[in-house]
Amino acid sequence: MSQVVATRSIQSTLLSPGSRSAHDRVQKFLKPSTFSSIVFPPQGNKCSQIGFRSFNISARKSAPVEVVPVSPEDDSKIQEHLNHLHGVQQFGESSAGMWSKPTFRRKTKIVCTIGPSTNTKEMIWQLAEAGMNVARLNMSHGDHASHQKVIDLVKEYNAQSKDNVIAIMLDTKGPEVRSGDLPQPVTLNSGQEFTFTIERGVGTADCVSVNYDDFVNDVEAGDMLLVDGGMMSFLVTSKTHDSVKCEVVDGGELKSRRHLNVRGKSATLPSITEKDWDDIKFGVDNQVDFYAVSFVKDAEVVHELKNYLKSCGADIHVIVKIESADSIPNLHSIITASDGAMVARGDLGAELPIEEVPLLQEEIINLCRSMGKAVIVATNMLESMIVHPTPTRAEVSDIAIAVREGSDGIMLSGETAHGKFPLKAVKVMHTVALRTEATIPGGQMPPNIGQVFKNHMSEMFAYHATMMSNTLGTSTVVFTRTGSMAILLSHYRPSGTIFAFTNEKRVQQKLALYQGVCPIYMEFCDDAEVTFIKALDLLQKQGMVKKGEEVALVQSGRQPIWRFQSTHNIQIRKV
């Protein structure tokens, strides 16, 4: 690789949010394109010159795309066509002149639940190569010994992999209300009477125990009781001091230890149970990267957990699972206290009307993005692939919607935990996300994010670096010891990849969740210029950037590296 050809210092006033004329010119340049205009642009090349400080930026429409026939004999042509689409500039324009297109990578991250189908070394390696970014441990199933095995395997993979890293997420069981054991499944038909009791050890054809002593106090006549999120439903007709009598509305086969919800109500249980605290300590001991905390109802739960982690000296990010009716009124304060949120649509759709779920999903994603928090969409994304090798078309659309709404991560649960086709499920999710991202216009700022980040100069530099990257069509390189600057850049959603170099393994793993971030571990040198050249050389050798390609190099953040506390800069470097 040649020495640095050009270094251009960018004034921090270049694209100030308050500078409306510059901002308007950029927004005009980054005007979102429709799907059809990206894939089937009009004939001919139309060039325009845009005045922009001392830069002359030229832009032209993409060349027309040939429609490729689809048949078994056309596999090579289809792949070539997809490769072209994957290279389409994010904001619908292809760079001209001295700026080359950044290498296209999937930005939305994939969270995979590890279970009996995938808890071997071979499967975890294959999941990682297929596209898994985060390995989720569901503490509702298995014991510490089985989860320890998975943690050790993921850490072994991370130690051996040169250009990939997998984060570990521990998902707490939470205060689940479940039915008791039955000697065999009971078939119930609509109109039948059935009883749930708080008396322990009951399991007959017309009555079963519930593991929650206040169950009788929490329900009233007329309530709708749902089993497994609505697979079966019961209307509460009456209750006694220890039993709840119901009429079967939607029948089916009732099995042991089924999850119970009451429509529109949440159980009066603590969000973090004694079992959860044991699991949390297990996570601290094993240095997991994220906790996904179930059934969070208010911000106090998050503060309690974060105080405990601080007392342990544990740097673990807290992701709140929004899945109960009680959490919705407190949504803003809960997400403010956390490091991110998970839209757990299963229980959310059981406690609230199902038609509210897609609206809440969009609201939670927008809220997280406006507050600079990570967000994951979960539950039923490829549910049919638990037993079938191909997804339903509605499931494919579901993934695409989550990606287009701006989720950092999309999650697989039973699909990879106990499904028949875990690798195919990951590949489908990867392909759909990648294809959808190729049509998303870049350069769009998250709502009100410029108003949220006013506490530090690094927030403003993340804004400027994003606009610079989008305008020039470059990827971004950042060096970080805490991950904060890479996370800031991620929330602004630059159109190019964010290559986040860090000399901390734990930081590298955490960054694996954040949209658009490619975390890379590298020992830093004492000399800044030597480190920059070493990083660009590494990117080129691994095929992440090409010779002659330009990248935006950002030096900012809360902890200065090779700079004075008061000095921040953005440079454009040529590989």
Side-chain angles (χ1 to χ4, degrees), residues 1 4 102-110 125 128-129 131-135 154-168 287 289-290 315 317 374 408-409 430 458 462 465-466 469 474-547 549-557 559 561-562 570-575:
M1 186 185 70
V4 175
T103 305
F104 195 93
R105 304 169 62 89
R106 173 171 51 81
K107 296 182 176 183
T108 309
K109 303 306 178 71
I110 297 175
W125 256 248
E129 296 306 313
M132 173 175 71
N133 302 108
V134 181
V154 172
K155 288 183 176 180
E156 182 182 347
Y157 173 84
N158 287 339
Q160 294 183 14
S161 177
K162 293 182 179 179
D163 57 358
N164 195 21
V165 67
I166 305 300
I168 300 172
Q287 295 187 317
D289 303 296
F290 299 95
D315 182 19
H317 287 191
D408 286 87
H430 165 79
S458 58
T466 298
S469 171
T474 67
S475 297
T476 305
V477 175
V478 63
F479 299 86
T480 179
R481 289 195 174 110
T482 65
S484 63
M485 191 62 191
I487 292 172
L488 279 176
L489 286 165
S490 170
H491 293 308
Y492 280 111
R493 300 296 195 261
S495 55
T497 301
I498 303 163
F499 295 110
F501 287 87
T502 180
N503 61 350
E504 297 287 343
K505 284 284 189 181
R506 292 295 307 282
V507 172
Q508 182 197 18
Q509 289 175 207
K510 282 190 185 67
L511 292 177
L513 173 63
Y514 291 89
Q515 202 261 18
V517 177
C518 176
I520 302 169
Y521 175 79
M522 187 182 78
E523 292 291 344
F524 293 166
C525 303
D526 292 334
D527 184 89
E529 190 61 31
V530 172
T531 307
F532 297 162
I533 294 173
K534 181 180 175 183
L536 294 179
D537 189 43
L538 176 63
L539 291 176
Q540 186 182 4
K541 284 181 178 178
Q542 293 187 357
M544 296 179 178
V545 297
K546 302 172 185 176
K547 184 177 180 179
E549 182 177 328
E550 291 188 328
V551 296
L553 193 152
V554 184
Q555 279 188 279
S556 186
Q559 291 188 9
I561 308 174
W562 312 298
I570 307 169
Q571 304 173 24
I572 302 299
R573 296 274 181 127
K574 181 174 286 188
V575 178

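For clarity, every value in this text was computed on a predicted model and none was experimentally measured.
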Check your understanding: Is there a side-chain contact between Asn158 and Tyr521, using heavy atoms and a 4.5 Å cut-off?
Key -> no
Exercise for review: Quick one: which residue pairs count as a salt bridge (Lys or Arg N to Asp or Glu O under 4.0 Å) with a foot in residues 508-525, not counting sequence neighbours?
Suggested key: Asp315-Lys510
Exercise for review: Answer whether the closest heavy-atom distance between the side chains of Val545 and Leu536 falls below 4.5 Å.
Suggested key: no
Review point. Taking only residues at least two apart or on different chains, which pairs with a member in residues 497-506 satisfy salt bridge (Lys or Arg N to Asp or Glu O under 4.0 Å)?
Key: Asp289-Arg506
Exercise for review: May I ask you to decide if the ring planes of Phe524 and Phe479 are parallel, tilted or perpendicular, using 30° and 60° as cut-offs?
Suggested key: perpendicular
**Study point:** Ile487 side chain reached by Thr480 side chain, heavy atoms, under 4.5 Å
**Key:** no
Check your understanding: Are any non-hydrogen side-chain atoms of Leu489 and Val478 less than 4.5 angstrom apart?
Key -> yes
Review point. Would a distance-only check, ignoring hydrogens and angles, find a side-chain to backbone donor-acceptor pair under 3.5 Å from Arg573 to Val477?
Key: no
Exercise for review: Grab the two heavy atoms, one from Ala512 and one from Lys109, that are nearest each other, plus how far apart they are.
Suggested key: O-NZ, 3.0 Å
Review point. Is there a side-chain contact between Thr531 and Phe501, using heavy atoms and a 4.5 Å cut-off?
Key: no
Distance-only donor-acceptor hits, side chain of residues 159-166, under 3.5 Å, sequence neighbours excluded:
from, atom 1, to, atom 2, distance (Å)
Gln160, NE2, Glu156, OE2, 3.4
Ser161, OG, Asn164, N, 3.1
Ser161, OG, Asn164, O, 3.1
Asn164, ND2, Tyr157, OH, 3.0

**Study point:** Non-hydrogen atoms of Val575 and Lys546 that approach each other most closely
**Key:** CB-O, 3.6 Å
Check your understanding: Which atom names give the shortest non-hydrogen contact between Arg481 and Val507, and what distance separates them?
Key -> O-CG2, 3.3 Å
Study note, to complete from the structure: When rounded to the nearest 0.5 Å, the distance separating CG of Leu553 from CZ of Phe532 is 5.0 Å
Check your understanding: For His317, what residues pass the ring-ring contact (aromatic ring centres under 6.0 Å, His included) criterion, not counting sequence neighbours?
Key -> Phe290
Exercise for review: List the atom of Val134, the atom of Met132, and the distance in Å for their closest heavy-atom pair.
Suggested key: O-CG, 3.5 Å
Revision key, fill the gap. On a heavy-atom basis, the closest approach of Cys518 and Thr497 is CB-CG2, 3.9 Å
Practice item. Look only at the side chain of Ser469 and the backbone of Ala465, and say whether a donor-acceptor pair between them is shorter than 3.5 Å. Key: no
Review point. For the atom pair CG (Asp527) and NZ (Lys534), what is the distance rounded to the nearest 0.5 Å?
Key: 12.0 Å
Exercise for review: Measure across Pro519 and Leu511 and return the closest heavy-atom pair with its distance rounded to 0.1 Å.
Suggested key: CB-CB, 3.8 Å
**Study point:** Rounded distance (nearest 0.5 Å) linking atom CD1 of Ile498 with atom CE of Met485
**Key:** 9.5 Å
**Study point:** side chain to side chain donor-acceptor pair (under 3.5 Å) against Ser490, all qualifying residues, sequence neighbours excluded
**Key:** none
Check your understanding: How about Met544 and Arg105: do any of their side-chain heavy atoms sit closer than 4.5 Å?
Key -> yes
Point to revise | Separation between OH of Tyr492 and CD of Gln515, rounded to the nearest 0.5 Å | key: 15.0 Å
**Study point:** Under the side-chain contact (heavy atoms from CB on, under 4.5 Å) test, residues paired with Ala374 that sit two or more places apart
**Key:** Asp408, Leu513, Tyr514
